[in-house]
Each structure stands twice: as structure tokens, then as C-alpha cells.
Amino acid sequence: MLIYIARRFLEALPVLFLVVTACFFLLRLAPGGPFSAEVDIPAATLARMEAHYGLDRPLFLQYTSYLGNLVQGDLGPSYHYPTRTVNEIIRDHLPISLELGLWGLLVALLVGIGAGVVSMVRPDSWLDSLPMGGAMIGICLPTFVLGPLLVLVFSLWLGWFNATGWNTAGDRVLPALTLGLFYAAYIARLTRGGMREVIGQDFIRTALAKGLPRGKVLAKHALRPGILPALAFLGPAAAGLLSGSFVVETVFHIPGLGREFVNAAFNRDYTLVLGVVVLFAAMILLFNLLVDIGQVLLNPRQRFE
Amino acid sequence: MSVTVPATALPSSAEHLSPGRLAWQRLRSNRMAMAGLAFLVFFSGLCLTGPWFSPYGFQEQPLIAEGATPPGAQHWLGTDHRGRDLATRLFHGGRISLLVGLLATAVSLTIGVAYGALSGFLGGKTDSAMMRFVDILYALPFTVFVILLMVFFGRSLVLLFLAIGAVEWLTMARIVRGQVLSLRQRAFVEAARILGQRPGKLLSGHILPNAAGPIIVYTTLTIPNVMLLEAFVSFLGLGVQPPMSSLGLLINDGATSMEGAPWLLIVPGLAFALTLFSLNFLGDGLRDAFDPRTGK
């Protein structure tokens, strides 16, 4: 297993390298520079600013020095916030996004798997169609519709939670629901499908025939193989949670990295954009690795290859 | 030359139906799918013709804006804070969203089918290399790339659907590749090859038509994903630009003014959710219709 993990890490490196390279040149090829959006700057000042950030050097040299700094973990200075480095910005804002993402993931897993299992307690009854109908609605309510709707109902009309902010424990509820419910809906459908397939198999019939209560069979015997499809979906879901965090952080005014990224894109803050993209790609690759390991742990027939 | 069985060779019973007719019959008995289809026809019809019947222009606003007015006799769905008629803006926004959805899907369909068919047809090492590439792309945060493209290369509609299409082809490529891989082994393909059919014609004339079912089904399921991405990008303010409207943009407008005028959020949100709902049900129904063994 260690060899497997090591190999996956080695495989991920060229992917990251490609992402960095592609994004670096994409950003540099784009018309307009990081300082062109601002009010007219005298040519001499502009030249001095570009010299300060090394933007006057040949493109390839800029690229190699960026790569060199990146290997040492230095993502460079921000072009928009003159006194801050990208590392500092990420350090300040990433923990908030990570916390939001974890709450969202928790909601997605608990609600999703829960609904999927409940629907299999008595298939094709209201106990099945109710959660599955809810899941279908959830799939069709993307984060940017669900988020404002939740704010409208639970903070403006009912007044249960604050509409914006990230200070009290209650502030976590609506953003986590917004982020998680969409994926909970997918996970519920996948869990139900997986469980349905497992339940038709002989070992489940044996367990039931031995007289085990149905709830216990579902929770102990059918769940483990049944959630495999849902687990495989977690890889793509992680990427989705990430982009969902852009919307959620915008809607709820949460000072996380997602909102910072969207702002940086508007500000043409090249280094910040690039740094965040590299970080996101690395995080997603890591998460995919964790999902793959989890799959093998749940399904011993599948080997680390 | 093609190797089709002459129609007379088949048992000429009245029950013989073409696969397409059979699928249509199965689809028609699926109530949710038909409801979805009906809503789609209804909504796209409204979006296409609605603006002609509406007495208001989509960016027409009164000289003295009286603020947002709730739905009523004069403006059926109310107006926004500039006094623009929401129904008219909804139809125009729906037009753009549906248009981007269709065009971006067409782009992703082209790339996905070409890539997947080539990969499956060539097989062997080329195939595994091409599919490994798809696996790698799967692991990347693509929404981020769409955002980057939109920010740094201008926010034009053409770029928007090209960017979205360039991102959404991965699953299509996988599905087509799987189909081609299994069809390649079939006897009728072998027969055509032995009869001297050129590889290109073999692929386009014999293999791909037989993969049409899954391709159609997945195309229907791609449209909601594409529309979702468009609305997402527009919601962040990076897609369709005002004064043009799209459903994502309308939802964003609604979210900023929902405190005093909740209908500005609810109406476009509902329209968007129902469109996605319909497309998903139609896609599921089509899948069951084309391949009754899968599904559920």
C-alpha cells in the first residue's frame, strides 16, 4: 500500500507541473496585464512597477523563476495587495474554506447516505419515494439558487440565522447546507442504486433467512458494499464542493479562499490566481488518492495496483 | 457498400417496429419524462415567442423608476428595481441560457464523440494513453479554468460556450469509447471490414450509428450540466454580461434584492430548477427507453 501511495504521488507531480505550465502561459498570453485595469498610470511608473515584479524580463525566465520559487513553496507577491504575499493570503483564508468544505462534505455524506439507506428499508413505498423525490429536487436546485432561497426563508422570513457572516456556530448551518445538499442528493441516488444491487445478492438473503432483523442487515451487511458507488463519486464531488464554495462564500459573505479567488480573477492578480489554482489542483489530486484508498479498504477484492 | 438486411427478409408481422419507434413508445409511457418534455416545449416556446407578444422591451425601463413592483395585472411577474418587466427579461434570459446550453452541448458532443470513437477504434496502447489523459483531466478543477478563460480573454458569448464545451466532453468520450470498443468486435463490423470497407467509413457508417442510443441519452443529460455551468459563471458575474440577461444573471440580481422583492429570486430560480428537472427526467426516460435493461 505504501508503494501504491508513493507511486500515485509520483504520478501526480507531472499533472501538477502541466497545470502550472498551462495556467502560467494562459495568463501571460491573455490581453492586458495586471496593472492595465487601473486608472491611467504614467508610462514610467508602469515600467518601474513591472520591473519591480520582474515582469519586464523574458517570459521564459519569468516562468523558470516562478517554478523555482514554487518548488520552495513560495508563491510570490500579490500584484493587487502590494504588502501581502500569496502565501499569506492563502494562510489567512484557506482554513475558513476548509472548514466550510468539511461541514459541506459532512452534510452531503450524512444526509445522502442516510436517505439512500432509508429508501431501501421498504423499497417502492413512500419511505422510498419521499427521499428519492427530495433527492431529485436537490439535484435540480444548484447552490446559487438554494443558497439565496435558504437565506430568504430562514434568515429574512423566519429570522433563525444570520444572513451573512462567519462568526457564530449558527453561521455555519446555512452555508454547510447550501454546499452539501446538492451532493447529498447525488449520493442518496448512488447509495440507493448500490444498495439495491447488493440486496438482491445471496449473502443478504442468507442473513435475512438466518433471522437477522432487516435494519441490522441493511446497516451491517449491505451498507459496506452498497456505498461503493457513492464513494467513487466523492472524487468529482470534491472538485464540485470547491467550485460550490465560490458561490457559497459569495452569497454568505464568508472570507474564504473561494471568494478571494473570484476577486483575484476580477483584479487580474496573476500570482494569486495561479497560486490558488495550483493549490486547488493539488488538493483535488490528494483527495482523489484518499478516495481510491478508501475504495480498496471497503472492497478487499479490489487491490492496490 | 453497406450490409443491411433487406426489409423483406424480416418476418412481416404487424408488431415489427423500428428501434426508434419502440423507444418512443416506451418513452411515451413514462409519465415523468413526458411531463419534462412538455415543460421543455412549453418553456422554450415561451422564450422564443414570448418577447414578441410582450408589450415591453427587455431593457426598457420607465424614466422615473418606482422601484420593484410585485407581480400584478400590468406586469404578470412583476418588475425589477429598475422597473423592467421581469417576464420579458425571463424569456430573453431563457433564450440565452437555452442557446448556450445547446451550442456548448454541441461542442462537447463533437469533441467527446470524436475523441472517444478514435480511442476505442484504435485500441491498444493509443487507447490506454488517450483514456489515461481523460482520467487526469477528470481530476482537475475545471470550473476554475472556465473562470480563468472568461476573465482573461473577455466575456463573450462565443468564448463562453466554447469554454464550457471544451470542459464537458470527458464523460461523453468515455461512453462512446466503451460503445465503440464493444461494437468493434461484433460480426457485422467484421463483415464490413472483410468486404473491404475503409476504416474511416467503418467507424462513421457502421459503428457510430449503432452507438446512437447512448450518445443521444448522454447528450440530453449533458445539457443540464452545461446550463448549470453557464448559470454558475453568469451568477459570479463572469458569463453573460448586462444588459443582456441569462437565467444565472437573473438569479444573481434576485439574490441581491430578495429582501424587498423576493419574486425576483423565486421566479427565475423556479424556472431554472424546473428546466433542469425536466431535462434530467427526460434524459432518464430516454435511457430507459433506449436500453430497458439498465436504469433503476
Side-chain angles (χ1 to χ4, degrees), chain A residues 11-12 14-15 18-19 22-23 26-32 136-137 139-149 151-153 155-157 163 192-193 196 235-236 238-240 242-244 246-247 250-251 261-262 264-268 270 273-274 276-277 280-281 283-285 287-289, chain B residues 32 132-133 135-154 170-171 224-225 227-229 231-238 247-248 251-252 254-260 262 264-266 268-281 284 295-296:
Chain A
E11 273 181 8
V15 178
L18 278 180
V19 170
C23 286
L26 190 71
L27 291 184
R28 290 300 195 275
L29 286 176
M136 199 65 214
I137 293 174
I139 285 179
C140 298
L141 277 180
T143 38
F144 51 87
V145 179
L146 185 64
L149 278 180
V151 173
L152 185 66
V153 174
S155 45
L156 296 184
W157 288 351
R192 179 180 180 275
R196 201 180 176 111
L242 212 61
S243 53
F246 300 164
V247 169
T250 307
V251 169
F261 173 76
V262 175
F266 273 116
N267 295 333
R268 307 180 80 94
Y270 286 175
V273 166
L274 203 54
V276 174
V277 170
F280 281 172
M283 275 165 47
I284 288 182
L285 288 171
F287 198 76
N288 275 312
L289 176 63
Chain B
M32 288 313 282
R132 188 82 194 97
F133 182 62
D135 286 345
I136 290 173
L137 291 185
Y138 251 113
L140 295 179
F142 262 110
T143 342
V144 171
F145 283 93
V146 175
I147 292 178
L148 286 190
L149 278 178
M150 294 314 290
V151 169
F152 291 102
F153 289 90
L170 297 172
T171 311
N225 284 342
M227 290 182 66
L228 206 58
L229 197 50
F232 169 78
V233 176
S234 295
F235 178 84
L236 290 179
L238 295 166
L247 292 179
I251 292 169
N252 188 12
T256 54
S257 53
M258 64 184 163
E259 191 153 12
L264 286 179
L265 170 68
I266 293 173
L270 203 65
F272 188 63
L274 278 175
T275 310
L276 292 189
F277 212 65
S278 307
L279 280 165
N280 277 321
F281 271 116
D284 280 355
K296 291 260 158 131

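No hydrogens, no waters, no symmetry mates; every other heavy atom, side chains included, goes into these values. Note on naming: letters A, B, ... go to the chains in the order of the sequence lines (proteins, then strands), and numbering restarts at 1 for each one.
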Quiz item: Below 4.5 Å, heavy atoms only, C-beta onward: do B:L276 and A:P142 meet side chain to side chain?
Solution: yes
Quiz item: Looking at A:V276, A:V247, A:V277, which has the largest count of heavy-atom pairs under 4.5 Å with chain B?
Solution: A:V247
Practice problem: Just do the side chain to side chain contact (heavy atoms under 4.5 Å, CB included) check on B:T171 and B:N225 with the steps written out, would you? | Solution: CA-CA 11 Å; B:T171 311; B:N225 284 342; over 6 Å; no
Self-check item: Options A:V262, A:V251, A:L26, A:T250, ranked by heavy-atom pairs under 4.5 Å with chain B, top entry
Solution: A:L26
Quiz item: Got a second to check how far B:N252's CG is from B:L264's CG, nearest 0.5 Å?
Solution: 12.0 Å
Quiz item: Mind checking what makes side chain to side chain contact (heavy atoms under 4.5 Å, CB included) contact with B:D284, not counting sequence neighbours?
Solution: A:R189, B:L221, B:R287
Exercise. Specify which of A:F246, A:F280, A:F287 makes the most heavy-atom pairs with chain B at under 4.5 Å.
Key: A:F246
Quiz prompt | Residues that A:I137 engages under side chain to side chain contact (heavy atoms under 4.5 Å, CB included), provided they are two or more places apart | solution = A:L141, B:F277
Self-check item: Region of A:F261 in contact with chain B, defined by heavy-atom distances below 4.5 Å
Solution: side chain
Quiz prompt | Proximity breakdown for B:I251 and chain A, heavy-atom pairs closer than 4.5 Å | solution = side chain
Self-check item: Leading residue by heavy atom contact count with chain B [cutoff under 4.5 Å; candidates A:L18, A:T143, A:V151, A:L149]
Solution: A:L149
Quiz item: Is it the side chain or the backbone of A:V19 that comes within 4.5 Å of chain B heavy atoms, both, or neither?
Solution: side chain
Quiz item: Would you call the rings of A:F144 and B:F272 parallel, tilted or perpendicular if under 30° counts as parallel and over 60° as perpendicular?
Solution: tilted
Exercise. Counting only heavy atoms closer than 4.5 Å, note whether B:L236 contacts chain A via side chain, backbone, both or neither.
Key: both
